[in-house]
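Nothing here was measured: the structure is a model prediction, and the numbers come from that model. In the text below, chain A, chain B and the rest are named by the order of the sequence lines, each starting its count at 1.
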Amino acid sequence: MSSNESNTVSSSASFATEFPKQYRPSDHEPRVWEQWVAAKAFHADPARVLSGEAKPYTILIPPPNVTDRLHLGHALNNTLQDSLTRFYRMKGFEALWMPGTDHAGIATQAVVEKRLRASGELTGPLREKFSRDQFVEKIQAFKDEYEAVITGQLQKMGSSCDWARQRFTMDEQCATAVREAFFRLFRDGLIYRGKRLVNWDPVLQTAVADDECFDEEIDGNFYYLRYPLVHAIKSQDSQPVTWNELARRGYLGAEQHPGEEPAWITVATTRPETYLGDTAVAISPHDPRAKALKGLFVELPMVGRVIPVIEDSYVVLPEAFARNDEEKNDPKAKMATGFLKVTPAHDPNDYEIGQRHKAEIESAGNQVLVNILAPDATISDKHGWSDVGSAHVFVGYPRERARKEVVAAFKAKGLLEAIKPHRHSVKHSDRSKAIIEPYLSDQWYVKVKDPRLAKAANEALHEGKVTFHPARYAKTYEQWHDNIRDWCISRQLWWGHRVPVWSFSTGVHTLNDLTQLRELEETGRISQGLRSPSLEEVVTSTVPDKLHSICVRVESDHEAIRAIEAMGFVQDLDVLDTWFSSALWPLSTLGWPGTDAEQAAGGPDLLRAFNPTSTLCTAREIITLWVSRMVMFNRYFFGEAMGKGPVPFRDVFIHAVIQDGQGQKMSKSLGNGVDPLDIIATHGADALRFTLCHMATETQDVRMPVDLICPHTSEVFPPKMIQNKDGYTVPAPIQTSPKDPAKKMVTGYGVASGEAKATADMPLARNTSSKFDLGRNFANKLWNATRFALSMLEANGKQESNQTNKQSASATTPIDVKSLAMVDRWMLSRVATQVRTAEAALTSYQFADHATALYDLAWRDFCDWYLEAIKPTVGASTAQRAVLAHALEAIVRALHPTMPYVTEVIFERLRTIKTAPIQGVTMIASRKANLLCSAGWPEFGDALIDPAAELAFDRVRTLVTAIREVRAQYNVPPKRQITLHLPDVKQAAAVEDGVGDDAAHALVRTLAGVGTITTQAAKISVAFAFDGAEWRLSDLTDAVDAASERTRLTKAIADLDKSIATLDGRLSNPGYADKAPAHMVQQTRDQLNKAKAERDAAKNTLEQFA
RNA sequence: GGGCGCAUAGCUCAGUUGGCUAGAGCGCGGCUGUCACAUAGCCGAGGUCACUGGUUCGAGUCCAGUUGCGCCCACCA
């Protein structure tokens, strides 16, 4: 160290100021962060990778939604990513952690809309108040706000992202990637427009994905409606079918009805209003009535539409006709009539049935799809329903009102058979909470069923290109692709990437237009898809699609856009599903597709250097939505491989989900979330991180009991819990201060549920968890261990530098480990072992094991034993000081990935300490600004692992513990020096082996408060068993109490007898000696002999007290 | 309906290929104001490893089944 540094730190005044007794994170974290940023410590250099100088290690952040602040789940996710990134950076990899956020289409739009409504800025329909551009501007402002919040949270946590490269899924670079990807899929025929049933949110007036819906049980009814049976096809001369006629046809039960009256069949439905769109009635082919109805039709009341009775095995037989127990036990059989109304435009299953029976339905003169609803879910005759008949009375009603009116109309005509209450789950929209309407709509699809997409994704798994950790999640991934459906990518929103397709539905092209389009297509600026029409087709109007669609490749190609718009093409109004841009994350963040020159070189430098990335670190619910799609897209787009390209990441690590103390998901509505910034404020970022790592086990879920911080007293306490109406266990809305019952506070649940409001007298109590004390205490422990170590190293180091000049100090020959004392060899061996354990744990994503290994090493081995053991000797031993410095530095380095701040602060001081190097220990210096974050991971050679020293120290440790136990029983004051009497030499061959030498004796003296060690017997002494022999202690107290000594020994004998019985039993089992491995048997014998010897010794002693 | 996970000390969790006299942290009880750290140290109490069977010399661990809790996917007239 330089002399001025040494002077600064050695002056006691500054030591106390700079090293207070407690580690205070807020004193250091902002400053350390600034140092990292100033040094550009997290900026990755692709050139080092491309030149072969360093291997890449890459993680792409799962971009958090800009809808809200980050919660503890994010904190866990990002802590793990940062730990990995920092670890590999220290291992010498060129580490890139790419940060960014996601625009989260529907979620963000809904949040902003809600905000505007809450503030009163928006009252009526959105589209009346704002133009598209105006509203997008509002969202943009909101996005900027939350992106900044999120970035701040990540940075406060110490996330070592390459912040200069931060991306947003809707920024220009990502938009370019989205456009290019869409273009290529469109060109290759993998994007198509389809009329399909989607989950329609009538409030937001948009299609929503399945995962944007939730199921909720509601009390509804089954309505039993009668549909009259008729003969003829055309409604105007449809002839009623009489019961007599049905009876002649052999219809079961027809004779029970008045013969000359018109016959009917009964359908059961929960949504009677949809009858307006019925285009068939289905019956099971196994229904005994089916044969009699062949060729008959029903006429829909009021509408007058005549629709066929068709046979489809999807229909459940009513209980009475069930053919077996399985059918009988089908819950639907209880409610079923055997007739299913088929409404293809308003029910997904009916849609399938409609497709299967297209011909029959159309032969009745009807379309398969009759859409009776407007986008706002009112009954409408403007969206595909023309044969309204007298049903026009329903037009214009919202669906709820229409339901009542339809039921009333059936009742009035005597066609309502029954209403039975029925509780069933109904799909609701996450965002608007409205009931989802299955709705027929034009949508864009990606044909992921194409083998170049789905199959390529599974091949990546089967060929071992992608590996899941834990492995079980591979199954989820695989099965998803086996059953994949085409991916609907259009959303009727304003916030998102516009669908880059222009359509032409009316008018006529001129030959000039067509020639121009052809030119644009041939130069790669537009695509008309696989079915790009020939000139002849267009001119003769035989274009396959009525809608002729064009994708424009580049957003800024205004010339092409102007040209096609002039021809009458209009851009699609929809935006793309958020996951479309997320799926491109591994490409877009790394600069794909790049300039022409970059493309010629195989892609931009970043892309070539860092894709495939190393690890994707995410939660399990996203395997299908995101992981799968990234694999498909990367393999399809990267290079010209079309499904054979590289995977986007090699490892997928799925971490646990954090739940609250009741095993419930943390959510806003339950008010059980914990803000990472609150934890950073009270415990520090390292505590947050270490604790999260410590709980990151391989299970699916981990629990984090949530406590409250009393806003009056700052006390942390577990809240009083209640059951809410949905059955969740939640903190009571109002809580009482544990210290002062007069003071109250409201909880997050109270506010979220609207049951309580924060006021000046009754402030909001923030959530925390006492679990984070673990990390805070550990950081403090490290801090204090460092204080002690530095006081030893600096005090003595100064003396050394006075005696020797710097040159000779730095030229010191490395210390040979063999020359070290046992305790030092033990310490180095422990460090070597545990650092390797920690490393192995981290590389296999066992974060909890990683944290535990280093916790035990630092706290148990280093602080509890090593520091205590060397106190008397370290001042006089240069070699021991070297071991102390190296051990501490290794621990600090190894902990850096999980506790970056406190370790950086410690390292700042530690690195100035000069001691002799130790053979076999390599700690590579920092690459950037002397910062630990770019220094090397501690490497300990095999020679440092010393089983003999570990064994020897363990024996000392056991002996010391045994002595301490006696001391505690006798209440010996800590400072009182006692006398240890070694056992009879004959009894204790073991004494010579490990605990018999002077070094061991010295350790026992230090650690167990022993003054004298003697082989002589004492008159008044207390015996204890160790290593199969009887050892004795004297000078514990002035007099030994015979009664309590008898109690103690009696208990010890009982314990030993118990284990003797166990061991005896094992050995006397005839099979044991024969079949168990020899070393096991021998070990059991040794244990038995030892226990017996100890028991006998204890008995002897007991007799003396008798 | 298909897939997956969990059940071990009062609480939160470890426990790798069966060898265990079942561990850790917190909490609990006792002692300690000590000089790195009271966010600490030392000592201690606390467990029929959900249940039932099976395999084995030996089961917390493997197999079969049961019960309870949870998650994902599909479906929901």
Side-chain angles (χ1 to χ4, degrees), chain A residues 19 21-23 210 215 222-223 267-271 282 314-316 331-332 335-337 339-343 347-350 422 424-427 470 472-473 475-476 479-480 483 620-621 623-624 656-657 659 661 663-665 683 687 691 694-695 697-705 718 769-771 773-792 846 848-849 852 855-856 860 863-864 867-868 871 961 964-969 971-975 1009 1055 1058-1059 1062-1063 1066 1069-1077 1079-1081 1083-1084 1087 1091:
Chain A
F19 279 83
K21 280 182 164 190
Q22 291 188 344
Y23 173 66
D210 285 337
D215 285 328
F222 257 123
Y223 300 89
V267 296
T269 179
T270 54
R271 295 196 296 156
Y314 175 76
V315 180
V316 173
K332 287 175 193 163
M335 308 304 267
T337 64
F339 295 99
L340 176 67
K341 61 192 279 304
V342 181
T343 324
D347 181 283
N349 287 306
D350 292 7
H422 176 57
H424 60 132
S425 73
V426 175
K427 222 181 242 187
R472 60 176 181 271
Y473 291 111
K475 206 164 183 173
T476 310
Q479 288 176 351
W480 166 257
N483 304 313
R620 64 181 177 277
E621 71 263 18
I623 293 171
T624 52
V657 169
Q659 302 173 330
Q664 303 164 150
K665 213 169 182 175
H683 290 73
T691 305
H694 195 263
M695 61 196 288
T697 58
E698 285 218 301
T699 49
Q700 290 197 148
D701 312 305
V702 288
R703 288 188 186 192
M704 160 94 63
S769 176
S770 54
K771 289 220 126 200
D773 293 354
L774 171 77
R776 182 198 54 187
N777 296 355
F778 186 41
N780 192 56
K781 188 73 182 178
L782 283 176
W783 177 253
N784 279 294
T786 305
R787 290 178 69 220
F788 172 75
L790 283 178
S791 70
M792 299 315 298
Q846 319 271 339
D849 290 350
T852 308
Y855 182 92
D856 288 346
R860 304 276 86 94
C863 291
D864 289 352
L867 288 185
E868 295 303 329
K871 275 178 181 174
T961 305
R964 282 174 175 173
E965 201 173 323
V966 177
R967 287 185 71 119
Q969 277 158 356
N971 265 329
V972 180
K975 279 179 182 160
D1055 287 349
K1058 204 178 141 198
S1059 63
T1062 309
L1063 296 165
R1066 192 177 301 168
N1069 181 334
Y1072 184 63
D1074 296 346
K1075 299 193 179 172
H1079 74 273
M1080 280 302 309
V1081 179
Q1083 189 187 316
T1084 310
Q1087 283 173 349

Which nucleotide, in any strand shown, forms a Watson-Crick or G-U wobble pair with B:A14, with both distances under 3.5 Å? none
May I ask you to verify if any side-chain N or O of A:T697 is less than 4.0 angstrom from the OP1 or OP2 atom of B:G15? no
Give me, pair by pair, the N or O atoms of the protein and of nucleotides 43-48 of chain B that are less than 3.5 Å apart, along with how far apart they are.
{"from": "B:G44", "atom 1": "OP1", "to": "A:E965", "atom 2": "OE1", "distance (Å)": "3.3"}

Separation of B:U56 atom P from A:D1074 atom CG, nearest Å, is 15 Å
Residue-phosphate contact under 4.0 Å: A:R472 side-chain N/O, B:G3 OP1/OP2: no
Which atom of A:E698 lies closest to which atom of A:R472, heavy atoms considered: O-NH2, 3.1 Å
Distance between the P atoms of B:U61 and B:A9, in whole angstroms? 15 Å
Determine the Euclidean distance between corresponding C1' atoms of B:C20 and B:C57; express it in Å to zero decimal places. 16 Å
Would you please say whether a donor-acceptor pair under 3.5 Å links the side chains of A:R787 and A:N784? yes
Heavy atoms under 4.0 Å, any strand shown: does A:V315 hit a base, just sugar-phosphate, or nothing? base
What contact category does A:D856 fall into here, base, sugar-phosphate, or nothing, at under 4.0 angstrom with non-hydrogen atoms? nothing
Considering only atom C1', compute the distance from B:A45 to B:C35 and round it to an integer number of Å. 32 Å
Under 4.0 angstrom, heavy atoms only, what part of the nucleic acid is A:P973 near: base, sugar-phosphate, or nothing? nothing
Picking from B:C13, B:G70, B:C11, the nucleotide nearest the side-chain atoms of A:D701 would be B:G70
With both distances kept under 3.5 Å, what pairs with B:A64, Watson-Crick or G-U wobble? B:U52
In the strands shown, is B:G5 matched to any nucleotide by a Watson-Crick or G-U wobble pair with both distances under 3.5 Å, and which? B:C69
Using the C1' atom in both, what is the distance from B:G23 to B:G15, to the nearest Å? 7 Å
5' priority, RNA chain B, between A:Y314 and A:T1062 [closest heavy atom]: A:T1062
With respect to the phosphate group of B:U12, does any side-chain polar atom (N or O) of A:K771 fall under 4.0 Å of OP1 or OP2? no
Before giving the answer on side chain to side chain contact (heavy atoms under 4.5 Å, CB included), spell out for A:F222 and A:T269 the whole-Å C-alpha distance, their side-chain angles and the decisive distance to 0.1 Å. CA-CA 5 Å; A:F222 257 123; A:T269 179; 5.7 Å; no
Is any NZ, NE, NH1 or NH2 atom of the basic residue among A:D701 and A:R620 found under 4.0 Å from an Asp or Glu carboxylate oxygen of the other? yes
For A:E621 and B:G3, give me the distance from atom CD to atom C1', rounded to whole Å. 16 Å
Pairing nucleotide - B:A40, Watson-Crick or G-U, each distance under 3.5 Å: B:U32
What integer number of Å spans the P atoms of B:U17 and B:U55? 23 Å
Among the nucleotides B:G19, B:C6, B:C57, whichever has the atom closest to the side chain of A:P1077 is B:G19
Check every strand shown and say whether A:R776 touches a base, only sugar-phosphate, or nothing at a heavy-atom separation below 4.0 Å. base
Reading 5' to 3' through nucleotides 31-38 of chain B, protein heavy-atom contacts under 4.0 Å coded B for base, S for sugar-phosphate only, - for none: S--BBBB-
What interatomic distance, in whole Å, is found between C1' of B:G27 and the corresponding atom of B:U48? 24 Å
When we call it a touch if two heavy atoms are under 4.0 Å apart, what does A:L340 touch: a base, just sugar-phosphate, or nothing? base
Tell me whether the OP1 or OP2 atom of B:G30 has a side-chain N or O from A:R967 closer than 4.0 Å. no
When you compare B:A7 with B:A14, how far apart are their C1' atoms, in angstrom units rounded to a whole number? 15 Å
Is the shortest side-chain N to carboxylate O distance from A:K1058 to A:D1055 below 4.0 Å? no
Would you mind classifying the nucleic acid contact of A:R1066 as base, sugar-phosphate or nothing, using non-hydrogen atoms under 4.0 angstrom? sugar-phosphate
Whichever of A:D347 and A:D1055 has its nearest RNA chain B nucleotide further upstream toward 5': A:D1055
